[in-house]
A.B. asks: 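Please see the structure below; I have some questions.
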Amino acid sequence: MKTSNVILQSMTKVLLFLIMIFSIYIFFAGHYTPGGGFVGGLLTSGAILLLLLAYDLQTVRNILPVNFLYMVAVGLVFAIGTGVGSLIFDKPFLTHAFGDIHVPILGELHLHTATLFDLGVYLVVVGVTMSIIQTIGGDDE
Amino acid sequence: MAMINFLILPILVPLITAVILIFLNKSVIAQRWVSGLSAFVTVILSALLVNKVKNDGIQTLNLSNWDAPFGITLVSDMLSALLVLTTSIVAFACIIYSFKGIGEAREKHHFYAALQFLIVGVNGAFTTGDIFNLFVFFEVMLMSSYALILLGGTNIQLRESIKYILVNVISSGLFVIAVGYLYSVVGTLNMAHIAERISEISGISQPGVISIIGIIFLIVFGLKGAIFPLYFWLPGSYYAPPAPVMAIFGALLTKVGVYSIIRTYSLFFYEDGGYVQQVIMILAILTIIAGIIGALAYWDVKKIIIYNIIVAVGVILFGVSTMNENALTGSIFYLIHDMIIKAALFLLVGLMATISGTNNLKQMGGLIKNYPGFSWTFFLAALALSGIPPLSGFVGKVLIVQGGFSSEYFIGAAIVLASSLFVLISIMKIFINGVWGEPKTYANEKSVPYKQLLIAPVILVILSICYGVGADFVYPYISQAAESLINTNIYIDAVLKE
Amino acid sequence: MEILMIFIAGILFMSATYLMLSRSVVRIILGTTVLSHGVHLLLLTMGGLKRGAPPLVGEEASAYTDPLPQALILTAIVIAFGVTALFLVLGYRSYKELGTDNMEKLRGNDGND
């Protein structure tokens with residue numbers, strides 16, 4: 001069954017990082033332009049899926065020794081946490097805060113708690129997608 | 001603690017608990033403690049919410065600080081608050097039952113987390129004031145119900161969950177279509193705002209399109225709530241999972257459908273000249289009849305109770321369709337009664353099946369000799385279900401029948417009355433054949449943790465008795481709930497702050 | 001444009017119905033995905049199709065596309081994605097456990113005499 005996939009495997013080593021970087025770009029671009037946690041998460045899972053196709057599930061598990069279900073839970077913690085934050089200030093649930101903060105070296109930054117929410121979405125999407133793929137893909141062995 | 005956010009707490013607490021439970025999957029004991037405690041806290045919070053709505057009127061919360069009708073608004077009127085309270089109580093009882101009744105294998109595979117997500121969905125659906133957000137909470141509820149119905153993965157569960165998911169995927173598709181149609185007509189998603197726009201539209205142009213949208217919504221919610229031609233999937237699917245899951249499904253999921261019919265019908269489709277009303281009434285009567293036929297026909301204890309869900313849905317919807325204050329109050333009374341008593345009966349029947357190792361009544365008998373506590377609890381639950389005074393089913397049915405007669409829907413009211421008798425027959429069949437008669441010995445009965453399993457149904461039955469006996473105390477709450485359905489301006493003004 | 005989109009949505013519904021009426025579980029799952037595409041297209045059409053104006057504008061724009069249907073569709077797509085994934089896993093599991101993907105054999109009347 002296992003065939004030699006030299007081309008696929010060599011390409012994966014390069015493409016994996018390109019896709020990853022692009023997914024991070026898309027994630028941050030989502031603040032004002034098209035993109036965001038969902039698309040970014042899907043791209044990241046796409047990259048991991050490519051790794052899985054080129055090698056096998058064991059390789060993926062060695063590189064990413066993560067329980068993806070916990071990743072979903074951590075993502076939910078981020079998403080709910082940003083919502084619950086507004087409860088402490090007696091603002092309606094999910095009200096977000098933003099502001100310009102001066103950070104040394106980087107200069108003025110426009111920071112928004114919605115990014116943290118989006119990070120939660122990102123983690124949930126990667127976690128869910130990878131759990132599904134592992135459930136189906138892990139059966140061959 | 002933050003007071004303006006109070007009405008979201010019964011949704012938020014289960015959600016946070018579910019996330020914590022995912023991390024705790026290694027330790028069953030910790031999961032039990034966390035989910036039990038959290039369910040108890042949710043009950044307390046929802047009781048406080050009911051009290052707050054009673055004292056301060058309808059509570060609203062504009063999520064993310066977007067004013068209604070532009071953002072998503074959560075609305076807790078008395079009906080929502082009461083249903084959230086009942087949901088939390090039923091969930092609490094089912095969680096207690098699950099400690100001994102679900103098995104460690106399922107507990108380790110995120111059973112409690114899925115259950116908490118289900119509560120999030122149900123409480124959210126009861127609380128939301130936005131039609132698309134209702135869809136989202138429906139999906140949260142359905143996704144967790146898929147997980148619960150699948151958990152364990154026995155053959156019958158796999159087979160039935162394919163059908164269950166297929167039916168619900170189609171109904172979700174129809175839901176989105178209906179929301180799309182509604183949006184194209186009224187241009188808003190906030191339910192209070194929709195109601196306002198619809199009453200403006202039906203004044204000038206043809207109300208026909210509103211009726212069509214009403215019928216699509218009726219199909220969507222009817223599929224969830226198991227009304228007459230759309231209940232076909234229910235007996236098979238609810239039969240597959242173990243007793244606590246069955247109790248949660250039977251007590252809560254269909255009622256979310258019924259609640260959605262009540263809410264959308266009273267807000268949107270009441271002024272279309274009575275077309276949707278007639279359809280609901282006819283279907284409600286047919287639902288009662290279909291449910292009775294099923295309940296009388298089967299010799300399987302679980303099936304009998306499952307068909308009794310369908311009867312109850314018919315009774316409640318008949319009361320709603322008369323749109324008369326008495327009957328509506330009765331319907332809400334009966335809705336809450338039914339959630340509690342169905343959960344109790346499913347748990348009791350599950351206990352019965354665990355003791356005897358079979359679902360077939362013909363192979364049971366004489367449980368009263370060795371299990372008197374169980375038997376008398378079951379007897380009381382059976383009487384309450386069929387509405388024997390002064391137990392909890394009585395008040396609701398009397399009001400529904402009274403309302404039916406005063407609005408001159410004689411046939412429907414008579415069928416509701418007669419249904420009580422048939423329900424009594426069907427449930428007494430279980431009692432006579434299963435509880436009375438020659439005691440039989442069963443292979444595994446010694447290993448059943450009978451006393452622990454009995455706690456949850458006993459709590460529910462006691463609650464149901466208090467609910468019936470204390471009807472005078474409960475009545476002001478229920479009539480406040482009915483008031484905002486009859487006079488929808490109360491609801492609309494509270495949301496849009498006019 | 002709206003008329004064309006409605007016809008396409010209708011064709012998608014038709015194909016979905018055909019697929020869902022077949023016996024194979026895989027075809028049924030494909031049917032549900034086609035159904036969800038039809039639903040999303042219909043939702044987009046119901047919001048009104050406009051060209052040449054972006055949904056995100058300043059406060060004094062004269063014309064803009066209604067962003068709400070697009071937000072709704074995004075939500076619906078995510079949900080449909082999750083359900084389809086779950087359904088596929090279920091289809092696969094039940095094929096392994098029950099040894100068939102034929103709905104005729106999954107009727108389940110065996111217990112009820």
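Note on naming: letters A, B, ... go to the chains in the order of the sequence lines (proteins, then strands), and numbering restarts at 1 for each one.
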A.B. asks: With B/Y183, which residues qualify under ring pair (Phe, Tyr, Trp, His ring centres under 6.0 Å), at least two apart?
C.D. replies: none

A.B. asks: Tabulate, in ascending numerical order, the residues of residues 22-40 of chain C having at least one heavy atom closer than 4.5 Å to a heavy atom of chain B, or enter 'none'.
C.D. replies: C/V25, C/I28, C/T32, C/L35, C/V39

A.B. asks: Backbone N or O of B/L151 within a donor-acceptor pair of the B/Q157 side chain at under 3.5 Å?
C.D. replies: yes

A.B. asks: Without swapping roles, check the side chain of B/N308 against the backbone of B/I304 for a donor-acceptor pair under 3.5 Å.
C.D. replies: yes

A.B. asks: Identify which part of C/L72 has an atom lying under 4.5 Å from any heavy atom of chain B, answering side chain, backbone, both or neither.
C.D. replies: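 Both backbone and side chain of C/L72 come within 4.5 Å of chain B.
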
A.B. asks: Decide side-chain hydrogen bond (donor to acceptor under 3.5 Å, both in side chains) for B/S171 and B/K224; before the verdict, give the C-alpha distance in whole Å, the side-chain angles of both, and the deciding distance to 0.1 Å.
C.D. replies: CA-CA 8 Å; B/S171 109; B/K224 305 275 192 305; 2.4 Å; yes

A.B. asks: Which bit of B/Y181 is near chain C, if near means a heavy-atom gap under 4.5 Å: side chain, backbone, both or neither?
C.D. replies: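 Both the backbone and the side chain of B/Y181 come within 4.5 Å of chain C.
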
A.B. asks: Have B/S356 and B/Q363 got a donor and an acceptor in their side chains that come within less than 3.5 Å?
C.D. replies: no

A.B. asks: Check whether B/S161 gets within reach of chain C through its side chain, its backbone, both or neither, counting any heavy atom under 4.5 Å.
C.D. replies: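 Backbone plus side chain of B/S161, per the 4.5 Å heavy-atom cut-off to chain C.
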
A.B. asks: Less than 4.5 Å to any heavy atom of chain C: does that hold for the side chain of B/L174, its backbone, both, or neither?
C.D. replies: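 For B/L174, neither part sits under 4.5 Å from chain C.
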
A.B. asks: Examine distances only and state if a side-chain atom of B/D130 and a backbone atom of B/N133 form a donor-acceptor pair shorter than 3.5 Å.
C.D. replies: yes

A.B. asks: Write out all pairs satisfying side-chain hydrogen bond (donor to acceptor under 3.5 Å, both in side chains) with one or both partners inside residues 141-152 of chain B, taking only residues at least two apart or from two chains.
C.D. replies: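 For residues 141-152 of chain B, and leaving out neighbouring residues, the side-chain hydrogen bond (donor to acceptor under 3.5 Å, both in side chains) pairs sorted by first residue read B/S145-B/Y164.
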
A.B. asks: Taking 4.5 Å as the heavy-atom cut-off, does anything in residues 4-14 of chain C contact chain B, and if so which residues?
C.D. replies: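 So far as heavy atoms go, C/F13 are the residues that approach chain B to under 4.5 Å.
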
A.B. asks: Is a side-chain donor or acceptor of C/T75 paired with a backbone partner of C/A71 at a separation under 3.5 angstrom?
C.D. replies: yes

A.B. asks: Please determine, among B/V140, B/L142, B/V179, B/I170, the option with the most heavy-atom pairs under 4.5 Å with chain C.
C.D. replies: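 Most heavy-atom pairs under 4.5 Å with chain C: B/I170.
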
A.B. asks: Do C/Y95 and C/Y92 make the cut of ring centroids closer than 6.0 angstrom?
C.D. replies: no

A.B. asks: Looking at C/L86, C/L90, C/T45, which has the largest count of heavy-atom pairs under 4.5 Å with chain B?
C.D. replies: C/L90

A.B. asks: Under 3.5 Å, side chain of B/H109 to main-chain N/O of B/A105, donor-acceptor pair present?
C.D. replies: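 Yes, B/H109 side chain to B/A105 backbone: donor-acceptor pair under 3.5 Å.
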
A.B. asks: Taking the side chain from C/S94 and the backbone from C/G91, do they hold a donor-acceptor pair closer than 3.5 Å?
C.D. replies: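 Yes; judged by distance alone, with no hydrogens or angles, the pair exists.
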
A.B. asks: Applying side-chain contact (heavy atoms from CB on, under 4.5 Å) between C/I73 and each of C/L43, C/L68, C/L42, report the one that passes.
C.D. replies: C/L43

A.B. asks: Looking at B/W66 and B/L63, would you say the former's side chain and the latter's main chain have a donor-acceptor pair under 3.5 Å?
C.D. replies: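 Between the backbone of B/L63 and the side chain of B/W66 there is no qualifying donor-acceptor contact (under 3.5 Å).
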
A.B. asks: So for B/L150, is it side chain, backbone, both, or neither that comes closer than 4.5 Å to the heavy atoms of chain C?
C.D. replies: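 It is the side chain, since no backbone atom gets that close.
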
